[in-house]
Amino acid sequence: MSTTYRLGVLDGDGIGPEIVPSAVEIATAAAQAAGVRVDWVPLPLGAAAIETHGTPVPDGTRQTLAELDGWFLGPHDSVSYPEPHKSALNPSGTLRKHFQLFANIRPAKSFPGAQAVCGNADLVIVRENTEGFYADRNTYAGTGEFSPVEGVAIAMGIITRAATERVARVAFDLARSRRGKLTIVHKANVLKLTTGLFRTVCQEVAQDYPDVTVDDFHIDAMTVHLVRRAQDFDVIVTENMFGDILSDLAGEISGSLGTAPSINASADTAMAQASHGSAPDIAGQDIANPVAMILSGAMLFEWLGAQHGDTAVARAAKIIDAAVAATVESGVSTRDLGGSASTSEFTAAVIKAITADSAGTDRN
Ligand code: ATP
């Protein structure tokens, strides 16, 4: 009897209520095709939760998430929340901090049909997710950003050996399972103690991975290398803020922000989350690209496969990846990729690709 996975569904704001249901529908079809059972658990979050529960991340949502195998998180538009929620840590930061989702894994891969400006890139950015220079989430209590007097603002950056080591090990393991190359990104010539420690600890961890080739770059130089020769990179490990910025760049040059997926993982749970934001400028029009959210769902399935040694759920991940690639390759895509399909038309085309493929498999 195969495992039944219980996965949370948090639509979020902006285009979230369009792209999250699309990703769930496609994940359901792929799970069925692979013989995997999934129980979906919808939970309130974001602007809708402020309306119903008076807070963007209700306690009940956190309690239920703690019992699940993982979840799909839509984007949030926290700048539009009323105070005090607008100034508080945003919902994804809250969940990353609460569940110690320390590794934010963000692949950037060009696929046929998308208009990649960087050739055939296939890289993964592993971003440390719990500390670094994001002062709104790098403290146990309170925040590392404050204003002691009017006209003066101070933000604290925190790098620790323990947090760097755990994320470095995720990155080295990933590099080992891919092309065996790892790039450390830092700014150790200026932020000598903080990002210098990040580089040092990554280099120490490298001693345990003699089969992985390691190099390192300053963050500013890295943006240039990424634009010029993204194809040369395999796995990139970096601190929180550098990783956030670099992964948006990598996502955009490998196709579109609308195609850049991610998961946020701890040692025992994971959250699928598109790398882009809530795109309020196009919300409610059925034109958003759901690919990033769909592929984030595939990454969660892949992570569950590795976590549980379950080849069926790993196969469901591959079914999603292949169906999305085949759909875009066949000329069906949303307008950010140069096509004309709506979100729902694209979703239907991917489902059709999964169903046609599993019918073909059944016949063989
Ligand atoms: P955040 O700070 O929350 O990450 P952001 O300010 O980086 O958000 P996004 O919401 O990601 O901004 O939007 C940036 C641009 O990319 C907008 O023009 C938006 O319409 C576009 N965009 C983002 N996601 C998608 C998508 N899935 N499909 C199509 N366009 C998108």
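Atoms within a ligand are numbered from 1 in the order they appear, just like the ligands themselves.
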Output yes when a side-chain donor or acceptor of T52 lies under 3.5 Å from a complementary backbone atom of A48, and no otherwise. yes
Note: ligand 1 atoms sitting under 4.0 Å from heavy atoms of I15 are 26 (C), 27 (N)
Would you call the rings of F217 and H225 parallel, tilted or perpendicular, taking 30° and 60° as the class edges? tilted
Please could you name the atoms of ligand 1 that G258 approaches to less than 4.0 Å, counting only its heavy atoms? 26 (C), 27 (N)
Looking only at protein heavy atoms, identify the closest one to atom 22 (N) of ligand 1 and say how far it is in Å. A279 CB, 4.0 Å
Which is it for I19 and ligand 1 at heavy atoms under 4.0 Å: side chain, backbone, both or neither? neither
Given that the side chain starts at C-beta and the backbone is N, CA, C, O, which of these parts of N289 lies under 4.0 Å from ligand 1, counting heavy atoms, or is it both or neither? both
Provide, to 0.1 Å, the distance between atom 17 (C) of ligand 1 and the closest protein heavy atom, together with that atom's residue and name. D281 OD2, 3.6 Å
Sub-4.0 Å protein heavy atom near atom 2 (O) of ligand 1: no
Students should be able to answer this: which protein heavy-atom is nearest to atom 31 (C) of ligand 1, and at what distance? I282 CD1, 4.1 Å
Any side-chain donor-acceptor pair under 3.5 Å between S22 and E18? no
First locate atom CD of E131, then atom CE of M156, and finally report the distance between them rounded to the nearest 0.5 Å. 11.0 Å
Establish, from distance only, whether the side-chain atoms of D13 and S278 form a donor-acceptor pair under 3.5 Å. no
Under 4.0 Å from atom 28 (N) of ligand 1, is there any protein heavy atom? yes
Hey, are D215 and T183 close enough side-chain-wise for a donor-acceptor pair under 3.5 Å? yes
The protein heavy atom nearest to atom 14 (C) of ligand 1 is L257 CD1, 4.2 Å
Can you find a protein heavy atom closer to atom 5 (P) of ligand 1 than 4.0 Å? no
Is H276 close to ligand 1, meaning an N/O of one under 3.5 Å from an N/O of the other? yes
E239 (side chain) donor-acceptor with E128 (main chain) under 3.5 angstrom: no
Could you tell me the separation between the CG atom of D220 and the CE atom of M222, rounded to the nearest 0.5 Å? 11.5 Å
Reported CG-to-CG distance for the pair N240 and N129, which is rounded to 0.5 angstrom: 5.5 Å
For atom 8 (O) of ligand 1, grab the closest protein heavy atom and report residue, atom and distance to one decimal in Å. G277 CA, 3.5 Å
Just heavy atoms, cut-off under 4.0 Å: does S278 contact ligand 1 by side chain, backbone, both, or neither? backbone
Could you check whether atom CG of D232 has more than 12 heavy atoms from other residues, nucleotides or ligands sitting under 6.0 Å from it? yes
What protein heavy atom lies closest to atom 7 (O) of ligand 1? Include the residue and the distance to one decimal. D248 OD2, 4.3 Å
